[in-house]
Amino acid sequence: MPETQKKLLLHICCAPCACGCLDKIKEREVTLYFSNSNLSSQEEFDKRLENVSLFAEKFGFPLIVDPYDHAAWLAAVSAVPGYEDAPERGPRCAACFKYNLERTAEKAEELDMNFATTLTVSPHKNSKLIFSIGGVSPRFEAIDFKKNDGFLKSLRLSKELNLYRQNFCGCEFSLRDRS
Ligand code: SF4
């Protein structure tokens with residue numbers, strides 16, 4: 001791989017999903033970018049960040065943190081009609097991906113790097129939709145981390161490392177609707 005293509009800014013939603021990406025990013029010069037203003041509270045943000053920091057330290061990845069600004073995220077997703085009651089995988093989620101990926105694209109531009117996202121690890125997330133949203137930026141790499149058992153690997157390694165594995169996607173609506 002040419003040196004110029006080795007650098008990758010990886011938007012990281014949580015430590016368990018990062019575990020599912022490890023095999024595919026080992027050969028790259030990866031910087032993790034924790035940008036998750038979608039999270040329901042500062043407490044949840046801090047908890048996920050603490051676990052992401054453990055992951056970053058263990059595997060030697062630099063980590064950049066985008067400060068939590070839930071009001072700005074809410075302002076963005078509230079433009080979607082019926083956003084509060086939209087189901088997971090619905091239009092609110094598309095606006096949510098757009099918000100986080102646009103912030104990651106800006107950071108990637110600033111750092112002169114390509115970027116990808118751990119969001120594609122989850123079987124609950126539509127990778128094609130994520131690719132169409134991220135692909136607006138020429139710096140986006142459409143890596144489907146759920147391929148080759150990415151999700152299974154995320155479960156195994158996060159368990160082994162005793163990482164916090166949340167039982168809801170992230171925002172207050174997914175917290176309310178969790179089953
Ligand atoms: S359910 Fe998840 S992807 Fe959808 S809006 Fe909430 S945090 Fe974002």
Side-chain angles (χ1 to χ4, degrees), residues 7-40 44-45 47-66 73 87-90 92-105 107-108 113-135 137 139-171 173-175 177-179:
K7 288 186 177 181
L8 182 74
L9 184 69
L10 182 63
H11 167 253
I12 182 165
C13 58
C14 61
C17 284
C19 288
C21 302
L22 200 57
D23 283 352
K24 290 194 174 72
I25 60 173
K26 277 193 292 213
E27 306 301 315
R28 307 287 296 267
E29 220 175 282
V30 169
T31 297
L32 306 176
Y33 188 50
F34 189 80
S35 180
N36 297 294
S37 287
N38 54 307
L39 297 176
S40 58
E44 185 66 25
F45 183 91
K47 204 167 169 183
R48 294 195 195 191
L49 176 56
E50 190 187 330
N51 283 265
V52 163
S53 302
L54 291 172
F55 174 88
E57 251 176 58
K58 177 154 185 72
F59 296 103
F61 295 116
L63 170 65
I64 300 173
V65 180
D66 188 17
W73 175 85
E88 198 173 334
R89 299 173 73 94
R92 183 190 66 234
C93 298
C96 175
F97 298 155
K98 184 169 181 285
Y99 184 88
N100 285 342
L101 292 179
E102 278 180 354
R103 294 194 66 81
T104 310
K107 182 53 78 178
M113 293 171 107
N114 279 356
F115 72 98
T117 177
T118 58
L119 286 168
T120 61
V121 168
S122 169
H124 302 293
K125 305 272 187 309
N126 180 338
S127 296
K128 275 191 186 158
L129 176 64
I130 292 168
F131 294 161
S132 73
I133 293 169
S137 164
R139 292 187 178 272
F140 182 70
E141 290 190 27
I143 307 174
D144 198 350
F145 288 111
K146 64 169 75 58
K147 280 194 176 161
N148 302 114
D149 292 328
F151 184 62
L152 195 64
K153 286 172 188 166
S154 89
L155 293 179
R156 278 192 195 133
L157 186 57
S158 56
K159 200 170 177 189
E160 197 181 308
L161 299 178
N162 203 22
L163 295 170
Y164 164 53
R165 289 183 295 151
Q166 63 278 350
N167 61 357
F168 69 108
C169 182
C171 66
F173 312 110
S174 59
L175 177 63
D177 296 340
R178 72 182 157 178
S179 45

Residues Glu160, Cys19; criterion side-chain contact (heavy atoms from CB on, under 4.5 Å); working and verdict: CA-CA 10 Å; Glu160 197 181 308; Cys19 288; over 6 Å; no

Is it true that the side chains of [X] and [Y] contain a donor and an acceptor less than 3.5 Å apart?
X      : Y      : answer
Thr104 : His11  : no
Asn167 : Arg178 : yes
Asn148 : Asp23  : no

Aromatic centroids of Phe45 and Phe34 separated by under 6.0 Å: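 For Phe34 and Phe45, the ring centres are under 6.0 Å apart.
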
How about Tyr33 and Phe115: are their ring centres within less than 6.0 Å of each other?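 For Tyr33 and Phe115, the ring centres are not under 6.0 Å apart.
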
Identify the two heavy atoms, one from [X] and one from [Y], that lie closest to each other, and give their separation to 0.1 Å.
X      : Y      : value
Phe145 : Val121 : CB-CG2, 3.5 Å
Trp73  : Cys96  : NE1-SG, 3.4 Å
Leu9   : Ala108 : CD2-N, 3.6 Å

Answer yes or no: is there a donor N or O on one side and an acceptor on the other, between the side chain of [X] and the main chain of [Y], under 3.5 Å?
X      : Y      : answer
Thr120 : Ile143 : yes
Ser174 : Cys171 : yes
Asn126 : Leu129 : yes
Ser158 : Leu163 : no
Arg139 : Ala105 : no
Ser137 : Gly134 : no

Show every donor-acceptor pair shorter than 3.5 Å between a side-chain atom in residues 50-65 and any protein atom, with sequence neighbours excluded, or say none if there are none.
{"unit_1": "Asn51", "atom_1": "OD1", "unit_2": "Tyr164", "atom_2": "N", "d": "2.9"}
{"unit_1": "Asn51", "atom_1": "ND2", "unit_2": "Lys47", "atom_2": "O", "d": "2.9"}
{"unit_1": "Ser53", "atom_1": "OG", "unit_2": "Leu49", "atom_2": "O", "d": "2.9"}

Go through the steps for Asp144 and Phe131 under the test side-chain contact (heavy atoms from CB on, under 4.5 Å), then give the verdict. CA-CA 9 Å; Asp144 198 350; Phe131 294 161; 3.8 Å; yes

Could you please spell out the steps behind the side-chain contact (heavy atoms from CB on, under 4.5 Å) verdict for Lys146 and Ser122? CA-CA 6 Å; Lys146 64 169 75 58; Ser122 169; 5.9 Å; no

Between the side chains of Arg48 and Glu44, is the shortest nitrogen-to-carboxylate-oxygen separation below 4.0 Å, so that they form an ion pair? yes

Hey, is Lys24 close enough to Glu141 for a salt bridge, meaning N to O under 4.0 Å?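 No.
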
Once side-chain contact (heavy atoms from CB on, under 4.5 Å) is applied, do any residues pair with Arg103, and if so which ones, sequence neighbours excluded?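 Applying side-chain contact (heavy atoms from CB on, under 4.5 Å) to Arg103 gives Ser35, Asp66, Tyr99.
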
Within 45° of the six-membered ring axis of Phe151 and under 6.0 Å from that ring's centre, is NZ or CZ of Arg165 located there?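 Judged by the rule (NZ or CZ under 6.0 Å from the ring centre, within 45° of its axis), Arg165 is not positioned above Phe151.
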
For a side-chain contact (heavy atoms from CB on, under 4.5 Å) check, start with the C-alpha distance between Leu10 and Thr117, then their side-chain angles and the critical distance, and finish with the verdict. CA-CA 5 Å; Leu10 182 63; Thr117 177; 5.6 Å; no

